[in-house]
There are 2 protein chains.
Amino acid sequence: MKILIVDDEVQLVKAVSAILKKNNYNTDCAYDGEDGLDKALSNIYDVIILDIMLPKRNGYEIIRELRDNRISTPVLMLSAKSQTYDKIYGLNLGADDYLAKPFESEELLARIKALLRRKNEFVGDTLSFGDLKLNRDNCSLLCNGQEIALGKKEFQIMEMLILNGGKALNKERLIEKIWGFDTDAEYNAIEVHVSFLRKKLNLLSSGVNIRSLRGIGYILEDGNAKGGKN
Amino acid sequence: MKILIVDDEVQLVKAVSAILKKNNYNTDCAYDGEDGLDKALSNIYDVIILDIMLPKRNGYEIIRELRDNRISTPVLMLSAKSQTYDKIYGLNLGADDYLAKPFESEELLARIKALLRRKNEFVGDTLSFGDLKLNRDNCSLLCNGQEIALGKKEFQIMEMLILNGGKALNKERLIEKIWGFDTDAEYNAIEVHVSFLRKKLNLLSSGVNIRSLRGIGYILEDGNAKGGKN
DNA sequence: AAAGTCCTATGAAAATTCTCATCGTGGACG
DNA sequence: CGTCCACGATGAGAATTTTCATAGGACTTT
C-alpha cells in the first residue's frame, strides 16, 4: 500500500511519512507540484496526500491533470486554509477528502483508511479473500478462528495479491512496490517470502493458495470457491 | 556515500542504481533536469551521475547552476553522443569526468571511485583514519593487521564519521543519509550501531574512538595522535 | 522423447537490524 | 553541593530478511 505525499513543508512531509510508515504504509514524497504530478502520473499509488498551495503547480491543477489522464487515485487534500470555499472547490475538482492543517495523526490515518475502504474491499481494517482476513493493524492473517503474524514483506505481498483480485501479479511490480524501484533485491527474495506465506496458509488450513504462473508471477486462488469461471 | 543519478531512461537509471547499491553506495534518482537540479542543490551527494540530454533542463544547465551555487559535488557526465565536442564542452563547464553510453558497469564503478579519490582521502578502495582502514569492497575494517567485517549500517556510519574528519556529525544527518530522509528509524538505532562499532574498535585494539558529544552527535578521535589541537 | 536450460520452491543457516529494558552520566538548577 | 532529568550506552533477545545450495518441474530444442 503506497502513498504519495506532496507538500513543500519538508518537516510536515517527514512527519507524515514517518506516521504512515509506522502504520505499515509505504511512502514516496514530493516537494513541489511538478514532481508530485510526475510521480502521481506513474499511477502506482493507492492514495495521494496533496497540499493545495505548492510551488510550480498547485493542488487543483494536479488533480485536474490526473483526472484528465484517467487516473482515479483517491486524493486527500491538505491546506492551511480551512475556509469552506476551498473545501468545496477541492472536492468538486475530484479530491476525495479534505483535511485542514494542522491535524492529528489519528485523523489523518482515519481518513486514509476511509479512502482505501471506499476504493477497495476493506472492511474495518481488514482485507478479505476467501476464508482469509488480513489485518493491517498488526500485520496478521486470520483464518478459521486462528491468527498468525506476518513479517512486513509477507504482509505486503499478501496485501498486493489480495488487492489484485483475480489478476496475475508479476514479480517486477512486486519488487517495485514493496522493495522500491531502485532496489537490488533479486526475484528469489520474493520466492522465499511467498514460500513463507504458503507455509503459513497451510498452518491455517486455509482454502486459499498462491499459484505461480511460470514466467508471469503469482495469483491468488480460492480453493473453496466453486470451479465455475463465471 | 550517496550518489544521485539523473537520466530520463528509466531502465538505465534502475540498472545503474542496482549496480551502485550492490557496491555499497546509496542512491537517489531523478528523471528530469528540474528534479535532478532540485535534489543536487540539497548538497547531500558525494557524486552526481548526470545525463546531458534531459527533459526540462539539460545537463549543462544543471552543472552551471550547481557551480553558480558553489556546490562542487563531482559530476560524472553521461551521454549517448561520444563526439569530442560534447566531451570537451561538458568538462569545461565543470563536469569532472565523462562517460559515453553504453558503458560497462566496471568502467562506471572505476570512474566513480576515481572521483571519490580525488575529492576525499581514498587510497585504492580504502578510507583511512588513525590506525584504521575502512575497506569498501567487503565492508570491513582493518587495524593492526586484523580485519573485521562490518554490517552495512555500521559501515556507513563509520564511513561518514571518517569523511567528516574532525567535525562533529549530528544524528539527524546520519539518519538522513543512511536510513533515508523519510524513514521512521529512531535515534536509538544509531546508538545501537555505534555501540557495535565501538565494540569492534575494541576488538581491534584501535587507537581510534568514537566520542559522543551530548546533544550534538558523534566525532572520531585518534587517541594516538599527539594532544596538540593544531 | 531425451537433453538441456531456465524458472521456481524451499530448507537451513547466517546476517543484519531493531526493540526493549535498564543503567549510567553530564549538566542544569536550586 | 545535591537532586533531578534528559540523553546516551549497552546487553540481550527477537524478528526479519537475505543468502546459499539444491532439487524439482516446465518448456524448448533437436
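Basis for what follows: all heavy atoms, side chains included, without hydrogens, waters or symmetry-related copies. Just so we're clear, the structure is a prediction, and the values are computed from it rather than from any experiment. All chains are named by letter (A, B, ...) in the order of the sequence lines, taking the proteins before the strands, and each is independently numbered beginning at 1.
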>> Within 45 degrees of the ring normal and closer than 6.0 Å to the centroid, is that where the cationic atom of B/Arg136 sits relative to B/Phe155?
In response: no
Can you measure [X] atom [atom1] to [N] atom [atom2] for me and round it to whole angstrom units?
X        : N      : atom1 : atom2 : result
B/Ile178 : C/dC18 : CD1   : P     : 11 Å
A/Leu197 : D/dT17 : CG    : P     : 11 Å
B/Glu186 : D/dT10 : CD    : P     : 19 Å
A/Asn202 : C/dG11 : CG    : C1'   : 15 Å
B/Ile157 : C/dT17 : CD1   : C1'   : 11 Å
B/Asp184 : C/dT19 : CG    : P     : 7 Å
A/Tyr187 : C/dA9  : OH    : C1'   : 17 Å
A/Lys152 : C/dT16 : NZ    : C1'   : 14 Å

Could you list the residues that satisfy salt bridge (charged side-chain N to carboxylate O under 4.0 Å, His left out) with [X], not counting sequence neighbours?
X        : value
B/Arg211 : B/Glu221
B/Lys2   : none
B/Lys21  : A/Asp182

>> Tell me if a side-chain donor or acceptor on B/Asn69 pairs with a main-chain N or O of B/Ile71 at a distance below 3.5 Å.
In response: no
> Checking side chain to side chain contact (heavy atoms under 4.5 Å, CB included) against B/Asp51, which of B/Ile62, B/Asp7, B/Asp32, B/Val13 comes through?
Replying inline: B/Asp7
> Of A/Val194, A/Leu163, A/Leu197, which meets side chain to side chain contact (heavy atoms under 4.5 Å, CB included) against A/Met158?
Replying inline: A/Leu197
>> How would you summarise protein contacts on nucleotides 20-30 of chain C per nucleotide, using B for base, S for sugar-phosphate only and - for none, with heavy-atom distances below 4.0 Å?
In response: B----BB----
Any side-chain N or O of [X] below 4.0 angstrom from OP1/OP2 of [N]?
X        : N      : value
A/Lys199 : C/dG11 : yes
A/His193 : D/dT16 : no
B/Lys171 : D/dG8  : yes
B/Tyr218 : D/dA9  : yes

>> Base, sugar-phosphate or nothing for A/Phe196? Non-hydrogen atoms, less than 4.0 Å.
In response: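 A/Phe196: base contact, heavy atoms under 4.0 Å.
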>> Side chains of B/Ser206 and B/Asp131 only: does a donor on one sit below 3.5 Å from an acceptor on the other?
In response: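 A donor-acceptor contact under 3.5 Å links the two side chains.
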> Can you tell which of D/dT18, D/dA9, C/dA9 lies closest to the side chain of A/Glu191?
Replying inline: C/dA9
> Counting side-chain heavy atoms from C-beta on, which of C/dA9, D/dT18, C/dC18 comes nearest to A/Ser212?
Replying inline: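 Out of C/dA9, D/dT18, C/dC18, the nucleotide with an atom closest to A/Ser212's side chain is C/dA9.
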>> Taking the basic N atoms (NZ, or NE/NH1/NH2) and the acidic carboxylate oxygens, is any pair closer than 4.0 Å for B/Asp46 and B/Lys177?
In response: yes
>> Using C1' atoms of five pairs at each end, report the bend of the helix from C/dA1-D/dT30 to C/dG30-D/dC1 rounded to 10 degrees.
In response: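 One end axis against the other gives 30°.
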>> Run the side chain to side chain contact (heavy atoms under 4.5 Å, CB included) test against A/Ile175 and tell me which residues pass, sequence neighbours left out.
In response: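 A/Ile175 satisfies side chain to side chain contact (heavy atoms under 4.5 Å, CB included) with A/Trp179, A/Thr183, A/Ala185, A/Tyr187, A/Ile190 only.
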